[in-house]
Amino acid sequence: MHPAIAIDGPAASGKSTVAKLIADRLGYTFINTGAMYRAVTWYMLEQGIDPADTAAVLEALSSVPLSFGKDGSRSVVLCGERVLGEELTRPQVNDHVSTIAAIPEVRSLLVERQREYNRREPVVMEGRDIGTVVFPDTPFKYFVTASEEVRASRRAAEGLTDSIAERDRKDSSRATAPLAQAPDALLVDTSDMTIDQVVRFITDNIQQ
Ligand code: ADP
Ligand code: CDP
């Protein structure tokens, strides 16, 4: 099994953008784990389940009709036959995803699916706990960040409504797998770096 490339960091730090480009360069599969937490959140909201009602979420969890597949070289989430897309970045999903992601049973279900991807093929995986929990033994760990102002302006430039500071606060303070830099992860502050510089910095480090 090839060691996974683990990329973690706060909201809008550039994780998906650089993870996708690094995966393309290396010929690996790009896995966006945030989309998996977002999909569970979207599904609960669709069912009219209150994300704060943990008992109701747990009851629905056992029959969630989501599956985690691939489209070419990137991960996708399907609900039945339908590939989920814009649903996952809706403001309501942004507002509730950190609550759903704090539930340990949700995490263990998704972490198992994430490890399955890497059993089949080499992956570049991005999220919040990839270096700390999902692949603690990989030697390739990067914690990608940027100042809060830079991250907020990057997200605003996408035209998306997103309370990133609030999500970061919740993600960092939860009991299970909080957002944190693994002790052996390399910190990459991208505030003053272009996307291309970040991609080159990480791929050079991997190939050293
Ligand atoms: P994350 O996955 O961490 O939430 P994204 O990859 O979605 O972050 O990036 C958020 C936005 O910031 C995107 O519009 C992306 O193009 C832009 N972006 C990412 N990295 C940089 C960078 N180093 N410089 C400028 N813009 C960036
Ligand atoms: O793209 P952005 O960084 O804004 O968010 P995301 O990666 O799509 O993740 C959405 C949310 O899912 C995060 O705010 C976390 O609550 C949760 N998440 C998580 O808990 N663990 C992961 N490995 C990935 C995401």
Side-chain angles (χ1 to χ4, degrees), residues 7-20 31-68 74-80 82-111 113-114 125-130 132-134 143-181 190:
I7 299 185
D8 291 300
S13 56
K15 301 179 301 296
S16 332
T17 306
V18 300
K20 171 83 178 75
I31 315 286
N32 175 348
T33 64
M36 300 166 79
Y37 290 94
R38 287 173 178 275
V40 173
T41 307
W42 168 80
Y43 176 77
M44 296 298 165
L45 293 168
E46 281 283 295
Q47 298 301 303
I49 293 167
D50 174 1
D53 184 348
T54 306
V57 172
L58 290 179
E59 201 187 321
L61 194 63
S62 55
S63 57
V64 161
L66 298 173
S67 56
F68 306 100
R74 68 182 186 101
S75 60
V76 288
V77 186
L78 298 101
C79 183
R82 162 176 167 207
V83 174
L84 299 179
E86 67 72 33
E87 300 88 340
L88 302 183
T89 54
R90 288 180 187 164
Q92 235 204 332
V93 172
N94 286 335
D95 288 348
H96 295 288
V97 62
S98 296
T99 302
I100 292 288
I103 301 173
E105 290 85 350
V106 171
R107 304 202 68 81
S108 51
L109 180 83
L110 297 185
V111 165
R113 299 284 93 76
Q114 291 155 15
M125 189 173 288
E126 60 96 356
R128 301 292 187 289
D129 61 338
I130 313 305
T132 50
V133 173
V134 184
F143 194 83
V144 174
T145 188
S147 72
E148 200 174 305
E149 298 72 47
V150 167
R151 292 186 290 109
S153 71
R154 286 179 185 169
R155 187 62 22 111
E158 295 177 290
L160 296 173
T161 311
D162 192 356
S163 47
I164 63 172
E166 179 64 6
R167 269 199 297 128
D168 287 346
R169 191 189 60 71
K170 285 188 185 153
D171 292 342
S172 307
S173 62
R174 68 182 172 227
T176 307
L179 163 66
Q181 182 181 346
T190 73

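We use all heavy atoms of the structure for the numbers below, so side chains are in, but hydrogens, waters and symmetry mates are not.
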Looking at [atom1] of [X] and [atom2] of [Y], how far apart are the two atoms once the value is rounded to the nearest 0.5 Å?
X      : Y      : atom1 : atom2 : answer
Ser62  : Glu105 : OG    : CD    : 11.5 Å
Asp162 : Arg90  : CG    : CZ    : 15.0 Å
Ile130 : Ile7   : CD1   : CD1   : 10.0 Å

Name all residues meeting the side chain to side chain donor-acceptor pair (under 3.5 Å) criterion together with [X]; count only those two or more places apart in sequence or in a different chain, and write none if there are none.
X      : result
Lys20  : Asp24
Gln181 : none
Thr132 : none
Ser13  : none

Would you indicate whether the side-chain heavy atoms of [Y] and [X] approach each other to under 4.5 Å?
X      : Y      : value
Leu66  : Val40  : yes
Met125 : Asn32  : no
Pro178 : Ser172 : no
Thr176 : Asp129 : no
Thr41  : Asn94  : no
Thr89  : Trp42  : no

Of all residues at least two apart in sequence or in a different chain, which pass the salt bridge (charged side-chain N to carboxylate O under 4.0 Å, His left out) check with Arg38? none

Sorted by chain and number, sequence neighbours left out, salt bridge (charged side-chain N to carboxylate O under 4.0 Å, His left out) with Glu149 holds for none

Which residues share a side-chain contact (heavy atoms from CB on, under 4.5 Å) with [X], sequence neighbours left out:
X      : value
Ser163 : Asp95, Glu166
Glu158 : Arg155, Leu160
Ala101 : Tyr37, Arg107, Arg174
Arg154 : Ala146, Val150, Thr190

Using the rule given for side chain to side chain contact (heavy atoms under 4.5 Å, CB included), can you reason through Ile31 versus Phe68, listing the C-alpha separation, both sets of side-chain angles and the distance that settles it, and then say yes or no? CA-CA 10 Å; Ile31 315 286; Phe68 306 100; over 6 Å; no

Run Glu148 and Asp168 through side chain to side chain contact (heavy atoms under 4.5 Å, CB included) and show every step you take. CA-CA 10 Å; Glu148 200 174 305; Asp168 287 346; 5.7 Å; no

Asp171 versus Ser98, side-chain donor and acceptor atoms under 3.5 Å: yes

Do the side chains of Asp8 and Arg128 get close enough for a salt bridge, i.e. N-O under 4.0 angstrom? no

N/O donor to acceptor pairs below 3.5 angstrom from side-chain atoms of residues 45-61, sequence neighbours left out:
from, atom 1, to, atom 2, distance (Å)
Asp50, OD1, Ala52, N, 2.9
Asp53, OD1, Ala56, N, 3.2

Side chain to side chain contact (heavy atoms under 4.5 Å, CB included) between Arg82 and Glu87: does it pass, once the steps are laid out? CA-CA 11 Å; Arg82 162 176 167 207; Glu87 300 88 340; 2.7 Å; yes

Thr33 side chain to Glu126 main-chain N or O, any donor-acceptor pair under 3.5 Å? yes

